[in-house]
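Data block below; observations after.
Side-chain atoms are counted along with the backbone in the values below, which use heavy atoms only and exclude waters and symmetry mates. The sequence lines fix the lettering, A, B, ..., with proteins before strands; numbering per chain opens at 1. If you're wondering where the values come from, they're calculated on a predicted model, not measured in any experiment.
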2 protein chains.
Amino acid sequence: MNENPLVTKLGNFVDLQADDLQLIRAWSLPAIRLATGTTFIAEGDRPERICLLLEGWGYRYKTLRDGNRQILAFLLPGDMCDLHAFILSKADHDIAMLTDATVAFVSGKDVMQAVDSHPRLTRALWWSTLVDEGIAREWIVNLGRRRAVHRVAHLFCELWLRLRMLGMTSDGEFLFPLSQEVLSDAVAMTPVHVNRMLRELRERNLLEFRDKHVAIPDVGRLMSFVDFDPSYLQLERRDLSGDLRHLRS
Amino acid sequence: MNENPLVTKLGNFVDLQADDLQLIRAWSLPAIRLATGTTFIAEGDRPERICLLLEGWGYRYKTLRDGNRQILAFLLPGDMCDLHAFILSKADHDIAMLTDATVAFVSGKDVMQAVDSHPRLTRALWWSTLVDEGIAREWIVNLGRRRAVHRVAHLFCELWLRLRMLGMTSDGEFLFPLSQEVLSDAVAMTPVHVNRMLRELRERNLLEFRDKHVAIPDVGRLMSFVDFDPSYLQLERRDLSGDLRHLRS
DNA sequence: CGATAGTTTGATATCCTTCAAAACCTGTGG
DNA sequence: CCACAGGTTTTGAAGGATATCAAACTATCG
């Protein structure tokens with residue numbers, strides 16, 4: 001967690017070289033504090049700069065006309081929150097902070113220049129947007145085909161692995177700063193029912209809650225409870241064998 | 001529909017230059033016929049080549065251990081079916097054909113070389129994966145927050161617009177080769193309930209079915225019925241004003 | 001014409017929502 | 001240190017949307 005979280009994340013895909021690292025570190029300054037609840041991208045915005053999340057939790061969501069909100073993704077340190085909005089030139093959903101956070105704003109021009117001159121970095125950024133897409137697809141499966149208990153449990157498995165990769169877990173537990181209402185908008189249920197499902201998970205000894213922390217007594221048991229398949233998170237270092245070796249280095 | 005569908009699609013984002021076009025056209029040969037039901041990517045595969053869909057319908061899906069299937073996306077002409085699987089080096093879901101189809105296989109090496117040498121084309125491909133991500137996110141909203149009737153109606157709005165962009169609609173109608181069972185796996189309902197929702201849409205004069213075609217008597221009415229917001233499909237040509245102009249051309 | 005897949009309808013079961021209220025926290029001011 | 005206010009969590013009871021089960025009907029194709 002001392003390393004720049006974007007470096008940690010992209011390093012999972014390519015061996016970044018000195019100049020790539022320098023670029024990323026330059027992007028990460030100056031660090032800016034944002035308060036819980038700050039919306040920094042609203043649907044329809046045409047962002048001029050890209051927000052890199054360095055610390056704290058954010059989320060993407062859409063609000064329907066009837067006021068219902070669906071959370072599309074949780075944003076964790078290392079995530080470039082609105083890269084897609086910049087590339088597509090127009091945001092199709094809102095992004096806001098769930099906790100106090102620190103971010104850095106990178107000018108879009110800088111990123112696009114880097115894209116044109118650093119193919120290795122470009123591929124790494126592209127890769128990271130594809131991982132996000134994979135997460136979105138698994139979210140579809142979760143909402144479409146899993147029962148309430150499993151839906152909630154699946155989300156905790158995902159968060160566990162993403163946070164662990166960032167070094168933000170310790171001893172089978174992590175900081176979980178979200179209210180049950182926020183959770184309910186992520187798993188598409190009522191807060192009341194989320195509450196009951198959490199109780200069930202507690203009673204099955206799959207999860208424990210203290211202060212604002214979740215503990216997972218036995219990660220393996222939780223994962224087998226939901227039949228969790230982590231491959232969509234692309235956590236294993238890319239395999240270097242095969243045709244691609246010459247493209248890296 | 002005479003133009004190469006990938007050119008049509010990417011042309012929506014950048015003005016492709018002669019060499020980009022040449023490359024894409026070269027990718028599109030030789031054209032290969034695939035029969036309905038062919039699976040060409042299974043979860044865990046590490047594809048060496050990328051499949052470009054030229055004609056017909058495909059779909060992405062995941063199958064859970066209990067046998068339930070969730071369709072993640074429909075693939076239409078111009079879609080590079082497994083680009084992400086190639087970039088990520090491992091497929092996290094299956095891809096198969098819903099109709100007879102014609103495709104072209106591009107070697108991954110060729111694509112990656114193009115990526116390193118044609119920044120404009122790279123950005124266009126990246127853009128197209130981001131549009132797919134936007135579609136996936138809207139799918140999340142659809143499954144999470146819309147009632148059955150609206151869920152089905154929303155899907156037809158999306159298909160209408162995507163097909164129209166490709167010139168595959170005529171006169172308020174299009175070829176819809178899917179069974180209600182396939183549809184039910186896309187909208188996460190039982191086939192029985194899909195059937196009832198289709199009846200309701202028919203009774204409301206929002207949709208009509210003949211042979212294997214759907215007709216939408218009044219697209220505007222269908223869209224306002226679901227409160228459909230097309231912005232996630234990124235159909236408007238990218239706005240050329242602002243900081244970005246120098247990056248294009 | 002029969003076989004097979006897809007569509008349609010009905011009756012009953014269930015998961016989740018909705019509505020309502022109590023209990024519990026957390027911070028704040030007196 | 002207590003009282004109080006606002007948000008969050010928890011519990012209960014009843015209703016509704018969708019699933020499940022079962023079967024008839026229809027279309028298509030050899």
Expressed as a whole number of angstroms, how long is the span from A:Phe176:CZ to D:dT8:C1'?
14 Å
Please report the distance, rounded to the nearest Å, between CZ in A:Arg146 and P in D:dA19.
17 Å
Lys/Arg-Asp/Glu bridge criterion (N-O < 4.0 Å) met for A:Arg196, A:Glu203:
no
Please pick, from C:dT17, C:dG10, D:dT9, the nucleotide with the shortest atom-to-atom distance to any side-chain atom of B:Val192.
C:dG10
Measure NZ/B:Lys212 against P/D:dT28 and give the value in whole Å, please.
8 Å
Tell me the interatomic distance from A:Leu183, atom CG, to D:dT10, atom C1', rounded to whole angstroms.
15 Å
Are any side-chain N or O atoms of B:Arg162 and backbone N or O atoms of B:Phe74, one a donor and one an acceptor, separated by less than 3.5 Å?
yes
Taking CG from B:Asp185 and C1' from D:dA19, how many angstroms apart are they, rounded to a whole number?
14 Å
Can you classify the ring geometry of B:Tyr59 versus B:Tyr61 as parallel (below 30°), tilted (30 to 60°) or perpendicular (above 60°)?
parallel
Spacing of B:Glu181 atom CD relative to D:dA27 atom P, expressed in whole Å:
20 Å
Hey, is the side chain of A:Asn195 poking within less than 4.0 Å of OP1 or OP2 on D:dT9, counting only N and O atoms?
no
Side chain of B:Met189 (C-beta onward), nearest among C:dT9, D:dA19, D:dT11
D:dA19
Between CE of B:Met197 and P of D:dT18 the distance, given in whole Å, is 7 Å
Name the nucleic acid region contacted by B:Arg202, choosing base, sugar-phosphate or nothing; use a 4.0 angstrom heavy-atom cut-off, strictly under.
sugar-phosphate
Give, for atom CG of B:Leu53 and atom CG of B:Asp82, the distance between the pair rounded to the nearest 0.5 Å.
10.5 Å
Rounded to the nearest Å, what distance is computed from the CG atom of residue B:Asn68 to the P atom of nucleotide D:dT18?
17 Å
For DNA chain C, whose closest nucleotide is more 5', that of A:Arg147 or that of A:Asp211?
A:Arg147
Using the closest heavy atom to pick a nucleotide of DNA chain C for each, name whichever of B:Arg145 or B:Arg196 lands nearer the 5' end.
B:Arg196
Do NZ/NE/NH1/NH2 and the carboxylate oxygens of B:Glu133 and B:Arg137 come within less than 4.0 Å?
yes
Is there a side-chain contact between B:Gln180 and the phosphate of C:dT8, meaning an N or O under 4.0 Å from OP1 or OP2?
yes
Base, sugar-phosphate, or nothing for A:Ser179, non-hydrogen atoms under 4.0 angstrom?
sugar-phosphate
